[in-house]
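Below is one structure, written out as C-alpha coordinates, with a few remarks after it.
Values below: all heavy atoms of this structure, side chains included; hydrogens, waters and symmetry mates excluded. It should be emphasised that the depicted structure is a prediction, and the values quoted were computed from it without experimental measurement. Start at 1 and go down the list; that is how both ligands and their atoms are numbered.
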Amino acid sequence: MNMSRPKSSGTFDVVIVGGGIVGLCIGYGLVKCQLRVAVLDGNDADFSASRGNFGMISVSNKGFSNIPYFRLSLTSGRLWPLFAEELRECSGIDPRFQGRGKVYLSVGDRELDEQRRHIEEFSQRAGAEYRNEILDRDEVDALLGHVGLGEAVSGGSFSPLDGAVDPLKFYSSLLRAYQARGGHYLFGHIVDRIVRDTTAFFVRTPAGQFSAPRVVIAAGLGIPPLAKEVGLQLKVRPERGQIIVTERIDQVFKYPISGFLRQNVEGTVMIGSSSEYAGRDDRTTVEVLKELAKSAVERLPSLRSVQINRCWACLRPRTQDGYPIYQESSEQPGAFVVSCHSGITLAALHTRLLPQWIMEGARDRLLEPFGLERFRDEQPA
Ligand SMILES: Cc1cc2nc3c(=O)[nH]c(=O)nc-3n(C[C@H](O)[C@H](O)[C@H](O)COP(=O)(O)OP(=O)(O)OC[C@H]3O[C@@H](n4cnc5c(N)ncnc54)[C@H](O)[C@@H]3O)c2cc1C
(Lines give C-alpha, C1' and ligand atoms only; values in the text may rest on other atoms or scores of the structure.)
Protein backbone atom coordinates (compact mmCIF):
# COMPACT_ATOMS: atom_id res chain seq x y z
CA MET A 1 0.00 0.00 0.00
CA ASN A 2 1.32 3.49 -0.87
CA MET A 3 1.10 5.48 2.32
CA SER A 4 1.41 9.27 2.38
CA ARG A 5 5.19 9.36 2.80
CA PRO A 6 6.74 12.67 1.77
CA LYS A 7 8.29 12.27 -1.64
CA SER A 8 10.40 14.95 -3.28
CA SER A 9 9.61 14.18 -6.90
CA GLY A 10 8.10 11.65 -9.23
CA THR A 11 6.93 10.94 -12.74
CA PHE A 12 3.45 9.58 -13.27
CA ASP A 13 0.87 9.03 -16.02
CA VAL A 14 -1.50 11.46 -14.30
CA VAL A 15 -1.04 13.91 -11.42
CA ILE A 16 -4.24 14.92 -9.65
CA VAL A 17 -4.33 18.07 -7.53
CA GLY A 18 -6.79 17.65 -4.65
CA GLY A 19 -7.44 14.56 -2.56
CA GLY A 20 -11.11 15.10 -1.80
CA ILE A 21 -13.77 12.75 -3.14
CA VAL A 22 -13.58 14.15 -6.65
CA GLY A 23 -9.81 13.76 -7.02
CA LEU A 24 -9.80 10.33 -5.38
CA CYS A 25 -12.68 9.01 -7.52
CA ILE A 26 -10.77 10.00 -10.65
CA GLY A 27 -7.58 8.52 -9.21
CA TYR A 28 -9.35 5.30 -8.29
CA GLY A 29 -10.76 4.93 -11.80
CA LEU A 30 -7.33 5.57 -13.32
CA VAL A 31 -5.42 3.10 -11.15
CA LYS A 32 -8.01 0.47 -12.05
CA CYS A 33 -6.77 0.95 -15.64
CA GLN A 34 -3.20 0.19 -14.44
CA LEU A 35 -2.04 3.81 -14.71
CA ARG A 36 0.53 5.42 -12.40
CA VAL A 37 -1.24 8.15 -10.49
CA ALA A 38 -0.26 10.67 -7.80
CA VAL A 39 -2.91 12.56 -5.84
CA LEU A 40 -1.40 15.66 -4.23
CA ASP A 41 -3.54 16.86 -1.35
CA GLY A 42 -3.48 19.89 0.93
CA ASN A 43 -3.51 19.65 4.71
CA ASP A 44 -5.87 19.84 7.68
CA ALA A 45 -6.05 23.64 7.46
CA ASP A 46 -7.74 23.41 4.03
CA PHE A 47 -11.48 23.45 3.44
CA SER A 48 -12.57 19.92 2.65
CA ALA A 49 -16.21 19.24 1.79
CA SER A 50 -15.36 15.56 1.42
CA ARG A 51 -14.65 15.26 5.12
CA GLY A 52 -17.76 17.10 6.37
CA ASN A 53 -20.70 16.33 4.11
CA PHE A 54 -24.12 14.74 4.60
CA GLY A 55 -23.69 11.56 2.56
CA MET A 56 -26.86 11.70 0.44
CA ILE A 57 -26.97 10.19 -3.03
CA SER A 58 -29.62 12.56 -4.33
CA VAL A 59 -31.23 11.94 -7.69
CA SER A 60 -34.93 12.75 -7.41
CA ASN A 61 -34.32 16.44 -6.66
CA LYS A 62 -31.50 16.96 -9.15
CA GLY A 63 -31.97 18.66 -12.50
CA PHE A 64 -35.58 19.87 -12.52
CA SER A 65 -34.38 22.83 -14.60
CA ASN A 66 -31.57 20.92 -16.29
CA ILE A 67 -32.52 17.42 -17.43
CA PRO A 68 -28.93 16.51 -18.51
CA TYR A 69 -27.99 17.01 -14.85
CA PHE A 70 -30.82 14.71 -13.80
CA ARG A 71 -29.51 12.06 -16.22
CA LEU A 72 -25.97 12.44 -14.90
CA SER A 73 -27.16 11.98 -11.31
CA LEU A 74 -29.46 9.11 -12.29
CA THR A 75 -26.66 7.24 -14.05
CA SER A 76 -24.41 7.67 -11.05
CA GLY A 77 -27.17 6.52 -8.70
CA ARG A 78 -27.54 3.35 -10.75
CA LEU A 79 -23.80 2.66 -10.60
CA TRP A 80 -23.62 3.18 -6.83
CA PRO A 81 -24.59 -0.32 -5.56
CA LEU A 82 -21.79 -1.97 -7.53
CA PHE A 83 -19.33 0.80 -6.68
CA ALA A 84 -20.05 0.50 -2.93
CA GLU A 85 -19.59 -3.26 -3.05
CA GLU A 86 -16.34 -2.93 -4.98
CA LEU A 87 -14.98 -0.39 -2.47
CA ARG A 88 -15.91 -2.63 0.43
CA GLU A 89 -14.13 -5.61 -1.08
CA CYS A 90 -11.05 -3.67 -2.16
CA SER A 91 -10.58 -1.57 0.99
CA GLY A 92 -12.00 -3.79 3.71
CA ILE A 93 -14.02 -0.74 4.87
CA ASP A 94 -17.78 -0.78 4.36
CA PRO A 95 -18.97 2.64 3.09
CA ARG A 96 -22.41 1.69 4.47
CA PHE A 97 -24.35 2.31 1.32
CA GLN A 98 -28.13 2.42 1.72
CA GLY A 99 -29.90 2.37 -1.61
CA ARG A 100 -33.51 1.90 -0.69
CA GLY A 101 -34.80 5.36 -1.58
CA LYS A 102 -35.86 8.56 0.18
CA VAL A 103 -39.06 9.77 1.79
CA TYR A 104 -40.06 13.40 1.55
CA LEU A 105 -42.38 14.73 4.25
CA SER A 106 -44.66 17.65 3.37
CA VAL A 107 -45.74 20.01 6.11
CA GLY A 108 -49.25 21.44 5.55
CA ASP A 109 -51.63 20.89 2.64
CA ARG A 110 -50.09 23.64 0.55
CA GLU A 111 -46.65 22.04 0.60
CA LEU A 112 -48.17 18.67 -0.33
CA ASP A 113 -49.96 20.27 -3.32
CA GLU A 114 -46.73 21.96 -4.37
CA GLN A 115 -44.86 18.65 -4.08
CA ARG A 116 -47.53 16.94 -6.21
CA ARG A 117 -47.26 19.60 -8.93
CA HIS A 118 -43.46 19.49 -8.78
CA ILE A 119 -43.40 15.70 -9.27
CA GLU A 120 -45.90 15.85 -12.16
CA GLU A 121 -43.87 18.48 -13.95
CA PHE A 122 -40.56 16.71 -13.27
CA SER A 123 -42.04 13.47 -14.69
CA GLN A 124 -43.16 15.29 -17.84
CA ARG A 125 -39.73 16.81 -18.35
CA ALA A 126 -37.63 13.73 -17.51
CA GLY A 127 -39.89 10.93 -18.78
CA ALA A 128 -40.44 7.46 -17.36
CA GLU A 129 -37.02 7.30 -15.72
CA TYR A 130 -38.14 9.82 -13.14
CA ARG A 131 -39.76 7.91 -10.30
CA ASN A 132 -41.34 9.66 -7.35
CA GLU A 133 -44.74 8.85 -5.91
CA ILE A 134 -47.06 11.06 -3.86
CA LEU A 135 -48.28 9.47 -0.62
CA ASP A 136 -50.95 10.47 1.89
CA ARG A 137 -50.15 10.82 5.58
CA ASP A 138 -51.10 7.22 6.47
CA GLU A 139 -49.04 5.81 3.62
CA VAL A 140 -45.98 7.80 4.55
CA ASP A 141 -46.43 6.87 8.21
CA ALA A 142 -46.60 3.16 7.34
CA LEU A 143 -43.61 3.41 5.02
CA LEU A 144 -41.49 4.95 7.76
CA GLY A 145 -42.57 2.24 10.23
CA HIS A 146 -44.92 4.37 12.38
CA VAL A 147 -42.17 6.44 13.94
CA GLY A 148 -44.64 9.12 15.04
CA LEU A 149 -45.14 11.91 12.54
CA GLY A 150 -45.63 15.53 13.59
CA GLU A 151 -49.21 16.81 13.51
CA ALA A 152 -48.50 19.18 10.65
CA VAL A 153 -47.20 16.45 8.33
CA SER A 154 -49.80 16.21 5.58
CA GLY A 155 -48.25 13.43 3.48
CA GLY A 156 -45.23 13.26 1.30
CA SER A 157 -43.58 11.30 -1.44
CA PHE A 158 -41.24 8.38 -1.96
CA SER A 159 -38.55 8.04 -4.58
CA PRO A 160 -36.57 4.81 -4.99
CA LEU A 161 -33.88 6.69 -6.94
CA ASP A 162 -32.07 8.11 -3.91
CA GLY A 163 -29.68 6.61 -1.41
CA ALA A 164 -27.04 7.43 1.17
CA VAL A 165 -23.63 6.44 2.50
CA ASP A 166 -21.83 7.10 5.75
CA PRO A 167 -19.73 10.07 4.55
CA LEU A 168 -16.61 9.39 6.61
CA LYS A 169 -16.64 5.63 6.00
CA PHE A 170 -17.02 6.33 2.29
CA TYR A 171 -14.07 8.71 2.25
CA SER A 172 -11.83 6.22 4.12
CA SER A 173 -12.87 3.28 1.95
CA LEU A 174 -12.24 5.28 -1.24
CA LEU A 175 -8.78 6.42 -0.10
CA ARG A 176 -7.85 2.91 1.06
CA ALA A 177 -9.12 1.30 -2.16
CA TYR A 178 -7.18 3.82 -4.29
CA GLN A 179 -3.99 3.06 -2.35
CA ALA A 180 -4.60 -0.70 -2.37
CA ARG A 181 -4.67 -0.58 -6.17
CA GLY A 182 -1.31 1.18 -6.30
CA GLY A 183 -2.30 4.87 -6.25
CA HIS A 184 0.03 7.37 -4.51
CA TYR A 185 -1.62 9.79 -2.10
CA LEU A 186 0.55 12.63 -0.81
CA PHE A 187 -0.90 14.59 2.08
CA GLY A 188 0.46 18.09 2.81
CA HIS A 189 1.59 18.69 -0.78
CA ILE A 190 0.03 22.05 -1.59
CA VAL A 191 0.46 22.84 -5.26
CA ASP A 192 1.53 26.40 -6.00
CA ARG A 193 2.57 26.20 -9.67
CA ILE A 194 1.81 24.13 -12.73
CA VAL A 195 4.13 24.64 -15.68
CA ARG A 196 4.44 22.81 -18.95
CA ASP A 197 7.14 21.97 -21.45
CA THR A 198 6.71 20.07 -24.70
CA THR A 199 6.43 16.67 -23.02
CA ALA A 200 4.86 17.08 -19.61
CA PHE A 201 3.30 19.21 -16.89
CA PHE A 202 5.44 19.97 -13.85
CA VAL A 203 3.35 20.29 -10.74
CA ARG A 204 5.22 22.16 -8.01
CA THR A 205 4.76 21.99 -4.26
CA PRO A 206 7.10 23.22 -1.48
CA ALA A 207 7.74 19.51 -0.78
CA GLY A 208 8.81 18.66 -4.32
CA GLN A 209 7.90 18.52 -7.99
CA PHE A 210 5.83 15.92 -9.84
CA SER A 211 5.51 15.48 -13.57
CA ALA A 212 3.05 13.82 -15.90
CA PRO A 213 1.67 14.27 -19.41
CA ARG A 214 -1.74 14.84 -17.86
CA VAL A 215 -2.79 16.89 -14.86
CA VAL A 216 -6.24 17.07 -13.28
CA ILE A 217 -7.17 20.01 -11.07
CA ALA A 218 -9.82 18.78 -8.61
CA ALA A 219 -8.94 20.97 -5.64
CA GLY A 220 -12.44 22.12 -4.61
CA LEU A 221 -12.29 25.74 -3.48
CA GLY A 222 -8.60 25.80 -4.44
CA ILE A 223 -9.35 25.35 -8.16
CA PRO A 224 -9.51 28.92 -9.61
CA PRO A 225 -5.85 30.04 -9.17
CA LEU A 226 -4.54 26.66 -10.35
CA ALA A 227 -6.90 26.59 -13.34
CA LYS A 228 -5.48 29.95 -14.41
CA GLU A 229 -2.03 28.32 -14.59
CA VAL A 230 -3.35 26.10 -17.40
CA GLY A 231 -5.35 28.79 -19.18
CA LEU A 232 -8.80 28.19 -17.70
CA GLN A 233 -10.93 30.80 -15.97
CA LEU A 234 -13.69 29.74 -13.62
CA LYS A 235 -15.38 30.73 -10.40
CA VAL A 236 -15.95 28.37 -7.48
CA ARG A 237 -17.85 29.85 -4.58
CA PRO A 238 -17.97 28.54 -0.97
CA GLU A 239 -21.48 27.51 0.05
CA ARG A 240 -21.67 26.79 3.76
CA GLY A 241 -23.59 23.81 5.11
CA GLN A 242 -24.23 23.10 8.80
CA ILE A 243 -24.94 19.66 10.26
CA ILE A 244 -26.17 18.35 13.63
CA VAL A 245 -25.40 14.80 14.80
CA THR A 246 -27.34 13.26 17.68
CA GLU A 247 -26.55 10.49 20.11
CA ARG A 248 -27.30 6.92 19.00
CA ILE A 249 -30.96 6.02 19.25
CA ASP A 250 -32.78 2.68 19.06
CA GLN A 251 -35.60 3.93 16.87
CA VAL A 252 -34.84 3.13 13.25
CA PHE A 253 -35.64 5.44 10.33
CA LYS A 254 -35.82 3.13 7.37
CA TYR A 255 -35.21 5.89 4.84
CA PRO A 256 -33.51 9.27 4.69
CA ILE A 257 -36.22 11.89 5.18
CA SER A 258 -36.69 15.02 3.05
CA GLY A 259 -32.98 15.11 2.25
CA PHE A 260 -32.13 16.65 5.61
CA LEU A 261 -32.67 13.84 8.14
CA ARG A 262 -30.88 10.52 7.99
CA GLN A 263 -29.69 7.83 10.30
CA ASN A 264 -26.29 6.20 10.20
CA VAL A 265 -26.06 2.46 10.63
CA GLU A 266 -24.82 2.74 14.24
CA GLY A 267 -27.92 4.78 15.20
CA THR A 268 -26.82 8.44 15.18
CA VAL A 269 -29.17 10.82 13.36
CA MET A 270 -27.75 13.48 11.05
CA ILE A 271 -29.76 16.67 10.56
CA GLY A 272 -28.71 19.05 7.82
CA SER A 273 -27.38 20.47 5.84
CA SER A 274 -28.16 24.13 5.49
CA SER A 275 -27.17 26.23 2.53
CA GLU A 276 -25.75 29.73 3.02
CA TYR A 277 -23.19 32.10 1.59
CA ALA A 278 -20.86 33.40 4.26
CA GLY A 279 -17.58 33.71 2.41
CA ARG A 280 -14.90 31.43 3.79
CA ASP A 281 -16.39 31.45 7.29
CA ASP A 282 -16.89 27.80 8.23
CA ARG A 283 -18.26 28.32 11.74
CA THR A 284 -21.65 27.09 12.90
CA THR A 285 -24.33 29.60 13.90
CA VAL A 286 -26.98 29.16 16.58
CA GLU A 287 -29.75 30.55 14.32
CA VAL A 288 -29.21 28.00 11.55
CA LEU A 289 -28.75 25.05 13.94
CA LYS A 290 -31.96 26.06 15.74
CA GLU A 291 -33.81 26.17 12.43
CA LEU A 292 -32.52 22.70 11.45
CA ALA A 293 -33.51 21.24 14.83
CA LYS A 294 -36.96 22.89 14.63
CA SER A 295 -37.65 21.48 11.16
CA ALA A 296 -36.59 18.00 12.31
CA VAL A 297 -38.80 18.06 15.41
CA GLU A 298 -41.76 19.42 13.42
CA ARG A 299 -41.61 16.29 11.27
CA LEU A 300 -40.55 13.76 13.92
CA PRO A 301 -41.44 15.03 17.43
CA SER A 302 -39.67 12.12 19.17
CA LEU A 303 -36.36 13.76 18.24
CA ARG A 304 -37.11 16.52 20.77
CA SER A 305 -35.69 14.43 23.63
CA VAL A 306 -32.65 13.15 21.74
CA GLN A 307 -29.30 14.58 22.76
CA ILE A 308 -27.17 16.46 20.27
CA ASN A 309 -23.60 15.20 20.23
CA ARG A 310 -21.85 17.32 17.60
CA CYS A 311 -22.42 20.11 15.13
CA TRP A 312 -20.17 21.35 12.37
CA ALA A 313 -20.11 23.57 9.35
CA CYS A 314 -18.27 22.92 6.12
CA LEU A 315 -17.95 24.66 2.76
CA ARG A 316 -19.21 23.19 -0.53
CA PRO A 317 -17.34 24.18 -3.66
CA ARG A 318 -20.15 25.63 -5.83
CA THR A 319 -19.77 26.56 -9.48
CA GLN A 320 -21.48 29.68 -10.88
CA ASP A 321 -24.67 27.85 -11.89
CA GLY A 322 -24.44 24.97 -9.40
CA TYR A 323 -23.83 22.34 -12.09
CA PRO A 324 -20.59 20.39 -12.50
CA ILE A 325 -17.68 21.50 -14.64
CA TYR A 326 -15.69 19.01 -16.73
CA GLN A 327 -13.24 20.90 -18.91
CA GLU A 328 -9.95 20.24 -20.69
CA SER A 329 -7.79 23.29 -21.43
CA SER A 330 -7.63 24.10 -25.13
CA GLU A 331 -4.55 26.27 -24.47
CA GLN A 332 -2.77 23.44 -22.65
CA PRO A 333 -4.25 20.11 -23.74
CA GLY A 334 -3.74 17.41 -21.15
CA ALA A 335 -4.79 19.74 -18.30
CA PHE A 336 -8.29 19.14 -16.93
CA VAL A 337 -10.54 20.81 -14.37
CA VAL A 338 -13.31 19.04 -12.48
CA SER A 339 -15.62 20.67 -9.96
CA CYS A 340 -19.03 19.78 -8.57
CA HIS A 341 -21.06 20.34 -5.45
CA SER A 342 -22.65 16.87 -5.33
CA GLY A 343 -19.51 14.83 -5.14
CA ILE A 344 -21.11 11.94 -3.26
CA THR A 345 -24.01 11.56 -5.68
CA LEU A 346 -21.71 11.71 -8.70
CA ALA A 347 -18.87 9.62 -7.22
CA ALA A 348 -19.77 6.33 -8.90
CA LEU A 349 -20.07 7.98 -12.30
CA HIS A 350 -16.83 9.92 -11.84
CA THR A 351 -14.83 6.72 -11.33
CA ARG A 352 -16.21 5.35 -14.62
CA LEU A 353 -16.49 8.25 -17.07
CA LEU A 354 -13.77 10.69 -16.06
CA PRO A 355 -10.73 8.36 -16.48
CA GLN A 356 -11.90 7.51 -19.99
CA TRP A 357 -12.25 11.21 -20.87
CA ILE A 358 -8.86 12.10 -19.35
CA MET A 359 -6.98 9.31 -21.14
CA GLU A 360 -8.84 9.27 -24.46
CA GLY A 361 -9.83 12.91 -24.81
CA ALA A 362 -13.49 12.53 -25.76
CA ARG A 363 -16.09 13.56 -23.18
CA ASP A 364 -18.92 11.05 -22.84
CA ARG A 365 -22.23 12.49 -24.10
CA LEU A 366 -23.47 12.63 -20.49
CA LEU A 367 -20.58 14.98 -19.60
CA GLU A 368 -20.81 17.04 -22.78
CA PRO A 369 -23.28 19.72 -21.50
CA PHE A 370 -21.01 20.53 -18.56
CA GLY A 371 -18.06 22.30 -20.14
CA LEU A 372 -17.03 25.89 -19.55
CA GLU A 373 -18.56 26.93 -22.91
CA ARG A 374 -21.82 27.58 -21.09
CA PHE A 375 -20.27 30.58 -19.28
CA ARG A 376 -18.84 32.07 -22.50
CA ASP A 377 -20.89 35.25 -22.26
CA GLU A 378 -20.07 35.87 -18.61
CA GLN A 379 -17.24 37.95 -17.15
CA PRO A 380 -14.14 35.92 -16.18
CA ALA A 381 -13.22 35.53 -12.49
C1 LIG B 1 -22.27 20.35 4.65
C2 LIG B 1 -22.15 19.67 3.33
C3 LIG B 1 -23.06 18.68 2.99
C4 LIG B 1 -22.96 18.04 1.75
N5 LIG B 1 -23.82 17.04 1.48
C6 LIG B 1 -23.72 16.37 0.31
C7 LIG B 1 -24.58 15.30 0.02
O8 LIG B 1 -25.43 14.92 0.85
N9 LIG B 1 -24.46 14.68 -1.18
C10 LIG B 1 -23.54 15.08 -2.11
O11 LIG B 1 -23.50 14.50 -3.20
N12 LIG B 1 -22.69 16.08 -1.85
C13 LIG B 1 -22.76 16.73 -0.67
N14 LIG B 1 -21.91 17.74 -0.39
C15 LIG B 1 -20.95 18.15 -1.41
C16 LIG B 1 -19.72 17.25 -1.48
O17 LIG B 1 -19.21 17.08 -0.20
C18 LIG B 1 -18.72 17.91 -2.42
O19 LIG B 1 -19.29 17.98 -3.72
C20 LIG B 1 -17.44 17.13 -2.55
O21 LIG B 1 -16.92 16.81 -1.29
C22 LIG B 1 -16.45 17.95 -3.34
O23 LIG B 1 -15.26 17.24 -3.36
P24 LIG B 1 -13.93 17.88 -3.91
O25 LIG B 1 -12.96 16.79 -3.91
O26 LIG B 1 -14.22 18.60 -5.18
O27 LIG B 1 -13.58 19.06 -2.88
P28 LIG B 1 -13.04 19.00 -1.39
O29 LIG B 1 -13.64 17.90 -0.63
O30 LIG B 1 -13.22 20.37 -0.83
O31 LIG B 1 -11.52 18.65 -1.55
C32 LIG B 1 -10.60 19.52 -2.14
C33 LIG B 1 -9.24 19.05 -1.73
O34 LIG B 1 -8.30 19.79 -2.48
C35 LIG B 1 -7.22 20.10 -1.64
N36 LIG B 1 -6.55 21.29 -2.17
C37 LIG B 1 -7.02 22.55 -2.30
N38 LIG B 1 -6.09 23.36 -2.84
C39 LIG B 1 -5.00 22.58 -3.08
C40 LIG B 1 -3.71 22.82 -3.62
N41 LIG B 1 -3.34 24.03 -4.04
N42 LIG B 1 -2.83 21.78 -3.70
C43 LIG B 1 -3.18 20.53 -3.29
N44 LIG B 1 -4.40 20.25 -2.77
C45 LIG B 1 -5.28 21.26 -2.66
C46 LIG B 1 -7.82 20.32 -0.26
O47 LIG B 1 -6.86 20.10 0.74
C48 LIG B 1 -8.93 19.27 -0.26
O49 LIG B 1 -8.51 18.06 0.32
C50 LIG B 1 -21.96 18.40 0.84
C51 LIG B 1 -21.02 19.37 1.20
C52 LIG B 1 -21.12 20.01 2.43
C53 LIG B 1 -20.10 21.03 2.80
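- Atoms of ligand 1 found under 4.0 Å from any heavy atom of Asp46, numbered from 1 in the order shown, are 36 (N), 46 (C), 47 (O).
- Close N/O approach between Ile243 and ligand 1 is not found [any backbone or side-chain N/O within under 3.5 Å].
- At least one N or O atom of Ile21 sits closer than 3.5 Å to an N or O atom of ligand 1.
- Heavy-atom proximity to Phe47, at under 4.0 Å, picks out these atoms of ligand 1: 30 (O), 48 (C).
- Of the heavy atoms in Val17, only side-chain atoms (C-beta onward) come closer than 4.0 Å to ligand 1.
- Of all protein heavy atoms, the one lying nearest to atom 12 (N) of ligand 1 is Ser342 CA, 3.6 Å.
- Residue Leu315 touches ligand 1 through its backbone alone, judged by heavy-atom distances below 4.0 Å.
- For the pair Arg51 and ligand 1, the shortest N or O to N or O distance falls below 3.5 Å.
- Note: Phe122 and Phe64 have perpendicular aromatic rings, judged against thresholds of 30 and 60 degrees for the angle between ring planes.
- Proximity to Gly55 (heavy-atom distance under 4.0 Å) selects the following atoms of ligand 1: 7 (C), 8 (O).
- Among all non-hydrogen protein atoms, the one lying nearest atom 41 (N) of ligand 1 is Val191 O, 3.1 Å.
- Ring-centre distance between Tyr185 and Tyr178: not below the 6.0 Å cut-off.
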task: Evaluate the salt bridge (charged side-chain N to carboxylate O under 4.0 Å, His left out) criterion for residues Arg51 and Asp282: first the C-alpha distance (whole Å), next the side-chain angles of each, then the deciding distance (0.1 Å), finally the verdict.
output: CA-CA 13 Å; Arg51 293 160 178 102; Asp282 65 349; over 6 Å; no
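- Gln115 pairs with exactly one of Ser157, Ser154, Ser106 by the side chain to side chain donor-acceptor pair (under 3.5 Å) rule, that one being Ser157.
- Polar contact check, Gly343 against ligand 1: a nitrogen or oxygen pair lies under 3.5 Å apart.
- The side-chain heavy atoms of Phe260 and Ser295, taken from C-beta on, include a pair separated by under 4.5 Å.
- For the pair Asn132 and Leu161, the minimum side-chain heavy-atom distance is 4.5 Å or more.
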message = Run the side chain to side chain donor-acceptor pair (under 3.5 Å) test on Gln332 and Glu229 for me, step by step, so that the C-alpha distance in whole Å, both residues' side-chain angles and the decisive distance to 0.1 Å come before the verdict.
response = CA-CA 9 Å; Gln332 298 194 26; Glu229 300 267 301; over 6 Å; no
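- The shortest N/O to N/O separation between Ser50 and ligand 1 falls below 3.5 Å.
- The closest side-chain heavy-atom distance from Gln98 to Val265 is below 4.5 Å.
- In the vicinity of Gly241, heavy-atom distances shorter than 4.0 Å reach the ligand 1 atoms 1 (C).
- Ionic pairing of Asp192 and Arg204 is not present here: no N-O contact between side-chain nitrogen and carboxylate oxygen is shorter than 4.0 angstrom.
- In terms of protein heavy-atom proximity, atom 2 (C) of ligand 1 is closest to Asn53 CA, 3.7 Å.
- Near His189, with a cut-off below 4.0 Å to any heavy atom, the atoms of ligand 1 are 42 (N), 43 (C).
- Looking from atom 27 (O) of ligand 1 to the surrounding protein, the closest heavy atom is Gly220 CA, 3.7 Å.
- Using a cutoff of 4.0 Å between basic side-chain nitrogens and carboxylate oxygens, Glu266 and Arg96 are scored as salt-bridged.
- Not a single N or O atom of Cys314, backbone or side chain, sits closer than 3.5 Å to an N or O atom of ligand 1.
- A cation-pi arrangement is not found for Arg125 relative to Tyr130, the charged atom failing to lie both closer than 6.0 Å to the ring centre and inside a 45° cone about the ring normal.
- Ranking protein heavy atoms by distance to atom 15 (C) of ligand 1, first place goes to His341 O, 3.3 Å.
- Ligand-side atoms of ligand 1 in range of Leu40: 43 (C), 44 (N), range being under 4.0 angstrom from any heavy atom.
- Nearest protein heavy-atom contact of atom 25 (O) of ligand 1 is Val22 N, 3.1 Å.
- Ligand 1 has an N or O atom lying under 3.5 Å from an N or O atom of Asp41, backbone or side chain.
- Checked against the 6.0 Å centroid threshold, Phe83 and His350 do not count as a close aromatic pair.
- The shortest N or O to N or O distance between Thr345 and ligand 1 is below 3.5 Å.
- Here the protein heavy atom with the shortest distance to atom 52 (C) of ligand 1 is Arg316 CG, 3.4 Å.
- Using a 4.0 Å cut-off to heavy atoms of Ile344, the atoms of ligand 1 that qualify are 9 (N), 10 (C), 11 (O), 12 (N).
- Counting heavy atoms closer than 4.0 Å to ligand 1, residue Leu226 contributes side-chain atoms (C-beta onward) but none from N, CA, C or O.
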Give the C-alpha distance, both sets of side-chain angles, the deciding distance and a yes or no for salt bridge (charged side-chain N to carboxylate O under 4.0 Å, His left out) between Glu85 and Arg88.
-> CA-CA 5 Å; Glu85 187 51 27; Arg88 195 184 59 75; 2.6 Å; yes
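- Atoms of ligand 1 found under 4.0 Å from any heavy atom of Gly52, numbered from 1 in the order shown, are 1 (C), 2 (C).
- Annotation: cation-pi geometry not satisfied between Arg262 and Phe253 (NZ/CZ under 6.0 angstrom from ring centroid, within 45° of ring axis).
- Heavy-atom neighbours of Lys62 NZ from other residues, nucleotides or ligands within 6.0 Å: above the threshold of 12.
- Among all protein heavy atoms, the one lying closest to atom 44 (N) of ligand 1 is Gly42 N, 3.2 Å.
- Proximity annotation for atom 32 (C) of ligand 1: of Ser58, Gly18, Ala219, Ala219 comes nearest, heavy atoms only.
- From Ile243, atom CD1 reaches atom CG of Asn53 across 6.5 Å, with rounding to the nearest 0.5 Å.
- By the criterion of a heavy-atom distance under 4.0 Å, the side chain of Ser273, and not its backbone, is placed next to ligand 1.
- Glu86 has no carboxylate O lying under 4.0 Å from a charged side-chain N of Arg352, or vice versa, which leaves the two without a salt bridge.
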